[in-house]
Student: 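For reference, the structure I am asking about is given below.
Below, chains carry the letters A, B, ... as their sequence lines are ordered, and counting in each starts from 1.
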Amino acid sequence: MSSGPSLESPPSPHEARLEGLLAGLNVPQRDAVTHGEGPLLILAGAGSGKTRVLTHRIAYLIFSGRARPHEILAITFTNKAAGEMRGRVERLLSGHTRGMWLSTFHSACARILRAHAERLGYTKQFTIYDQADARRLAKRSMEELGVDPKRYTPAAVQNRISQAKNLLLDAEDYRSLGGGHFEQIVADVYGVYERELERANAMDFDDLLLLTVKLMERHPDVRRFYADSFRHVLVDEYQDTNHAQYRLLQLLVGGGAGAPEGAEGSPGGAGERPQERPHRNLAVVGDDAQSVFGFRGADVRNILDFQKDFPDSTVVKLEQNYRSTQTILRAANALIANNRGGMPKELWSELGDGEPIQVSELDDEHAEARFVVGEVERLMSSGVPRREIAIFYRTNAMSRVIEDALVRRELAYQVIGAAKFYDRAEVKDAVAYLSLLANPRDVLSFTRIANTPRRGIGQTSLARVLAHAASLDESVWDAAAEPERVPGLTAAAVRALRSFMDTMAELRERAAGPVAVADLLGAVLSDSGYVRALEAEDTIEAEGRIENLEQLLEVAREFDASAEAGEDTLDAFLQQVALTASADQLGQPGAPPGEEDGLAGMGEDDQGVLTLMTLHNAKGTEFPHVFITGCEDGVIPHSRALEEGGLEEERRLFYVGVTRAMRELYLSSARRRAMYGTGVYGLRSRFLDEIPEELTTGSETRGRLGGGPLGALGGAGMSFRTGSAGAWQAASGGAAERRGAGAVQFRVGEDVVHGSFGEGVVTSLQGDGVIVVRFASDGSERTLLAEYANLSRG
DNA sequence: ATCCTGATTTTTTTT
DNA sequence: AAATCAGGAT
């Protein structure tokens, strides 16, 4: 209306900016973005544009003058999500995000803890132990207590400790809960475990949350500092928050159930500035139907009870879906309707019915993989770029078979989540060196690297050093630095230790100065003899390790380049590494797929690559074409989850998978699937039956055994045992592999494994069963008789 | 101290 | 099937 020349003052650039921000948003989205002060609950169904709402709300807060960048704390679930959000906010604000906190709970907590570590008896160089470290420490604590690791596995105990921490319970709290024999054992281990963490100046993932809460509870001034500083707190994926995170939010924004404001703010309270008014500017976004992290302490009640916690909260419901066809949404709605409780929501879209959902049942996981890959190729030949296709599965282990099939067809792909770069042994070793340099009390890192590479410091000597350090209550570093004082060490061990520690001391001096992390890492790798030892191995694997270390150096270089001057770069680097999750993906999407370079690395064009990931990692993503594999009872309602009564969470997980699909959805299952090396027969997932039939299409009978004469299978199909090698694999293969009777058929480019030469690839077929194989172990090419050589598919 | 071998366990999902 | 672990030989 106000366009054109007007007597009224034209909209100021400021107003225009605000208008632009709201353009294209629907009514509830707009309400959420423009909501002023006070608690806000945004119930955002799948695909309803919640990230858009979050980013626009942040921009709105700033444009409207309600907040300045440094007054905003926005929490996401993964670093990747945080990075994406930062990018989008930056675009909206044309770069004005300086000082804004946009991170995960864990990263934000680590940052806060580093600033106040001394208050909790830590130094700011504290080490962050990941789950594997935590498990090792739990194991050691159990050994110290003489707990039988057969009866109780360290993993189970660590799990319980983690749960306790998520509930903000310390060892004594946990003990006083009562519980059975196991719980008492856990309480014992928890106590020792905690003591060891403190001695090591280390924190596990859960501590980051727990200790931040503790810090703020014990030190009101610290709490007040952050509460004042973050005028607006926004939380994504609120349905996946656990109790510790919930509590932390209460401490930051005030109010809510169980918050101490009543006591503190009331006259006669703690006596410190009783007039403090909590701002309660908390905006949370979530969907109870997508709560899938219960196993790690997430509590759906946080979102379900939000209105109880904040009776005056504003609630906005986003139900219009901008992602999927109605067919997909109807399936999703029908599926989730089988869960009881939860907030009623009905997703709808304007995108029309689209294609029916394809349901397929295959013989086994190999047939399933071939089927999926075949469909992928069909899609691609009809012009669909690779990046628009995703394949989901329940467990990481399931990716392998699919990857094999993809490599065989030379399709470029990326696996999100698995292939954890930071989990590689050599990378962990290198990081452990740096950790020890930063934190001389870091026992776990010390034990990891003291004899890596081999330098004559064996288990026994190591144990003696640790015991000595413990008895004098000094750091491992100090104990090891004077090996002659350690009782019981052999002369050789003393010599080896001294030489090792001399090197470390030199490195430490370097670390103390203003040194680039990459330079320090380079010095570590050469001075420690680590790279030399790898070079001496002179194997393909060692070469790969060296390449990985090269890559780590590159990461360090990038870090150095972006680090701010005067920062404790080593500490910051270690923190980043510790908190970079596997799902955050080192190489950005679009990078050539790692893995078997060459074969899969054909993604040079602008097609991007296929994406493989677990259903858990799928949350927050969307793809035009989605495959969900392993739709079998025991896999998708996972058997372990069923035992623990987690059916509804499994259903939500499946729901998450279904709602990722924009246009086409494929659901596949296998009648028979190998687990732990032997075959297991499964039933199709009960979730498939919860999808209305009229929405689906597909043959239940697709991929029947062999397809050809029944006899082809013979007795081999019954013995679903590997070991006796490719027998049934050949027999149950699809049409492409159905050729000769009995003998295994190979194709050029196929991966094979030989009984004594190991892995190789078929380079040519000479006819009459004569094939040529190049072996990876030594690069040799050998001519073999397929029938007699001890060969099987890789 | 180190290497080798056979037994046992693993697979739920992740910050 | 793969990886980790314990025990034993060198």
Student: Can you check the R673(A) CZ to dT10(B) P distance for me, whole Å?
Tutor: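 Computing the R673(A):CZ to dT10(B):P distance gives 21 Å.
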
Student: Roughly how many Å is it from CG in D404(A) to P in dA2(C), rounded to a whole number?
Tutor: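 The answer, rounded to whole Å, is 10 Å.
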
Student: Answer with base, sugar-phosphate or nothing: what part of the nucleic acid does S107(A) contact at a heavy-atom distance below 4.0 Å?
Tutor: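 No contact at all - S107(A) keeps every heavy atom at 4.0 Å or more from the nucleic acid.
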
Student: Measure from the ring centre of F293(A) to the centre of the six-membered ring in the base of dT13(B), then say whether that distance is under 5.5 Å and the planes meet at under 30°.
Tutor: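 No; by the centre-distance and plane-angle rule, F293(A) does not count as stacking on dT13(B).
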
Student: Please verify the inter-ring angle class for F500(A) with F446(A); under 30° counts as parallel, over 60° as perpendicular, anything in between as tilted.
Tutor: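 Rings of F500(A) and F446(A): tilted, 30 to 60°.
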
Student: For residues 105-113 of chain A, please give each side-chain donor-acceptor pair under 3.5 Å, one per line with the distance, not counting sequence neighbours.
Tutor:
from: S107(A); atom 1: OG; to: N79(A); atom 2: OD1; distance (Å): 3.4
from: S107(A); atom 1: OG; to: T104(A); atom 2: OG1; distance (Å): 3.1

Student: Which nucleotide wins on minimum distance to the side chain of T78(A), given the candidates dA1(B), dT11(B), dT15(B)?
Tutor: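 Side chain of T78(A) sits closest to dT15(B).
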
Student: Need one value for E644(A): base, sugar-phosphate or nothing, where a base atom within 4.0 Å counts as base even if backbone is also close, heavy atoms only.
Tutor: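 Base contact - E644(A) has a heavy atom under 4.0 Å of at least one base atom.
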
Student: Would you confirm whether E649(A), through its side chain, and G294(A), through its main-chain N or O, come within 3.5 Å as a donor-acceptor pair?
Tutor: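 At least one qualifying donor-acceptor pair exists.
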
Student: The side chain of A641(A) is closest to which nucleotide in this list: dA1(B), dT12(B), dT10(B)?
Tutor: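 Closest nucleotide among those given: dT12(B).
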
Student: Identify whether any heavy atom of Q131(A) sits under 4.0 Å from a base atom; if not, whether one sits that close to sugar-phosphate; answer base, sugar-phosphate or nothing.
Tutor: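 Base, at least one base atom sits under 4.0 Å.
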
Student: Remember a base hit wins even if backbone is also touched, and classify S461(A) as base, sugar-phosphate or nothing at under 4.0 Å, heavy atoms.
Tutor: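 It contacts sugar-phosphate atoms only.
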
Student: Where each residue is assigned the nucleotide of DNA chain B containing its nearest heavy atom, which of T104(A) and Q459(A) is assigned the position nearer the 5′ end?
Tutor: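 By nearest-heavy-atom nucleotide position, the 5'-most residue is Q459(A).
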
Student: Give N451(A) one of three labels, base, sugar-phosphate or nothing, depending on what nucleic acid heavy atoms sit under 4.0 Å from its own.
Tutor: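 Result for N451(A) = sugar-phosphate.
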
Student: Check if the side chain of R454(A) and the base of dT2(B) share a donor-acceptor pair of N or O atoms closer than 3.5 Å.
Tutor: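 No, no donor-acceptor pair under 3.5 Å.
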
Student: Tell me whether H106(A) and dT15(B) count as stacked here, given that the ring centres must be under 5.5 Å apart and the planes must differ by less than 30 degrees.
Tutor: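 The base of dT15(B) is not stacked with H106(A) (the test needs centres under 5.5 Å and planes under 30°).
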
Student: Between R296(A) and L462(A), which has a closest nucleotide on DNA chain B that is more 5'?
Tutor: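 The residue mapped nearer the 5' terminus is L462(A).
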
Student: Only one of F77(A), F295(A), F392(A) forms a ring pair (Phe, Tyr, Trp, His ring centres under 6.0 Å) with H616(A), so which one is it?
Tutor: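 When ring pair (Phe, Tyr, Trp, His ring centres under 6.0 Å) is applied between H616(A) and each of F77(A), F295(A), F392(A), only F295(A) qualifies.
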
Student: For V476(A) and T447(A), what are the C-alpha separation, side-chain angles and deciding distance, and is it a side chain to side chain contact (heavy atoms under 4.5 Å, CB included)?
Tutor: CA-CA 9 Å; V476(A) 258; T447(A) 50; over 6 Å; no

Student: Let me know the distance between CD of Q576(A) and C1' of dT15(B), rounded to the nearest Å.
Tutor: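 After rounding, the gap between these two atoms is 15 Å.
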
